[in-house]
Amino acid sequence: MKRTGDFGEMLAARYLRANGFVILAQNYRAHAAEIDLVCEDQPEAGHAIGDLVFVEVKTRTTRTFGKPLEAVTPQKLALVQRAADHYLLTHNLEDRVCRFDVIGVEIRKGVPYIEHVRDVLDY
C-alpha cells in the first residue's frame, strides 16, 4: 500500500509542477500528522507571490473502498491543518496566504487519472 501511495504522490507532484506549482516540501511531518506536499502556486495577476498550498494526496487502484477523494475525511484534514500550522510557524510564514487542496489519483488498468480539488478548507 505504501508503494501505491508513494507512486500517487510522485504523480501528483509531477502534475503540480506541470501546472506551474513549485514543490517546497514532501511528506512534512509534525504533531503526529503529515502533509503530503507543500507547494507554491503561481501568483495571480498583480501579486508578487502565489498561494502557499498544502496538498493531501489519496491514491487508489480499485474502487473497492470508493474513489480516492472519498477517503479524505474531515478528521484527516484536521490533522493536515495541524501540521500546516506547525509548518507556517516554524518557517515564519504565519502571514502568508495559504489554502488546502486535495488530489485524488486513480490508477485504472495502469493508467493514472488525476482529480485536483482546490481550496477544500476555509482557512
Side-chain angles (χ1 to χ4, degrees):
M1 287 295 182
K2 176 140 176 52
R3 287 179 46 189
T4 300
D6 290 345
F7 183 62
E9 287 177 21
M10 184 270 303
L11 291 172
R14 183 184 300 166
Y15 162 84
L16 289 167
R17 281 188 199 98
N19 284 282
F21 290 74
V22 175
I23 307 298
L24 303 174
Q26 291 184 253
N27 302 313
Y28 180 82
R29 296 180 195 281
H31 300 295
E34 178 183 334
I35 303 169
D36 294 324
L37 299 167
V38 180
C39 51
E40 186 174 87
D41 198 352
Q42 296 182 56
E44 294 181 20
H47 292 80
I49 57 175
D51 291 348
L52 187 64
V53 185
F54 301 101
V55 182
E56 174 66 15
V57 180
K58 285 295 178 192
T59 307
R60 295 286 184 262
T61 56
T62 70
R63 288 200 176 174
T64 302
F65 300 105
K67 293 180 177 182
L69 294 179
E70 293 170 349
V72 181
T73 64
Q75 294 82 4
K76 176 60 178 171
L77 289 175
L79 287 173
V80 171
Q81 189 171 1
R82 187 174 350 154
D85 289 341
H86 185 270
Y87 184 92
L88 293 170
L89 182 65
T90 59
H91 290 82
N92 296 317
L93 297 169
E94 297 96 337
D95 295 332
R96 186 76 185 269
V97 174
C98 61
R99 70 172 198 261
F100 293 83
D101 291 5
V102 177
I103 293 182
V105 179
E106 190 170 352
I107 302 169
R108 289 184 252 142
K109 296 182 182 178
V111 179
Y113 296 88
I114 294 175
E115 187 174 359
H116 181 185
V117 180
R118 298 168 56 105
D119 207 10
V120 297
L121 287 176
D122 291 327
Y123 190 73

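As a basis for the values below, the full set of heavy atoms in this structure was taken, side chains included, without hydrogen atoms, waters or symmetry mates.
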Straight-line distance of [X] [atom1] to [Y] [atom2], nearest 0.5 Å:
{"X": "Lys58", "Y": "Ile103", "atom1": "NZ", "atom2": "CD1", "result": "13.5 Å"}
{"X": "Phe54", "Y": "Asp36", "atom1": "CZ", "atom2": "CG", "result": "12.5 Å"}
{"X": "Glu9", "Y": "Arg14", "atom1": "CD", "atom2": "CZ", "result": "13.5 Å"}
{"X": "Leu69", "Y": "His116", "atom1": "CG", "atom2": "NE2", "result": "10.0 Å"}
{"X": "Asp85", "Y": "Arg82", "atom1": "CG", "atom2": "CZ", "result": "9.5 Å"}

May I ask whether [X] and [Y] are part of the same hydrophobic cluster, defined by side-chain heavy atoms of I, L, V, M, F, W, Y residues being less than 4.5 angstrom apart, directly or through others?
{"X": "Val105", "Y": "Tyr15", "result": "yes"}
{"X": "Tyr28", "Y": "Leu121", "result": "yes"}
{"X": "Ile49", "Y": "Leu88", "result": "no"}
{"X": "Phe7", "Y": "Val57", "result": "yes"}
{"X": "Leu37", "Y": "Val97", "result": "no"}

Quiz item: Taking the six-membered ring of Tyr113 as reference, does the NZ or CZ atom of Arg108 fall below 6.0 Å from its centre and within a 45° cone about the axis?
Solution: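 Satisfied, under 6.0 Å and within 45°.
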May I ask you to say whether [X] pairs ionically with [Y], meaning some side-chain N is under 4.0 Å from a carboxylate O?
{"X": "Arg29", "Y": "Glu34", "value": "yes"}
{"X": "Asp41", "Y": "Arg118", "value": "yes"}
{"X": "Asp51", "Y": "Arg96", "value": "no"}

Quiz item: Any idea which heavy atoms bring Leu11 and Pro112 closest together, and the distance?
Solution: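 It is CD1-CB, 3.6 Å.
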Quiz item: Looking at Gly104 and Pro68, what are the two nearest heavy atoms and their distance?
Solution: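 Nearest pair, atom of Gly104 first, then Pro68: CA-CB, 3.8 Å.
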Does any non-hydrogen side-chain atom of [Y] lie less than 4.5 Å from one of [X]?
{"X": "Cys39", "Y": "Leu16", "result": "yes"}
{"X": "Ile23", "Y": "Arg17", "result": "yes"}
{"X": "Thr73", "Y": "Lys76", "result": "yes"}
{"X": "Phe100", "Y": "Gln81", "result": "yes"}
{"X": "Val38", "Y": "Val53", "result": "no"}
{"X": "Glu56", "Y": "Ile35", "result": "no"}

Quiz item: Step by step, would you call Leu52 with Leu24 a side-chain contact (heavy atoms from CB on, under 4.5 Å)?
Solution: CA-CA 9 Å; Leu52 187 64; Leu24 303 174; 3.5 Å; yes
Quiz prompt | Any donor-acceptor N/O pair, Asp101 side chain to Asp119 backbone, under 3.5 Å | solution =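 It does hold such a pair.
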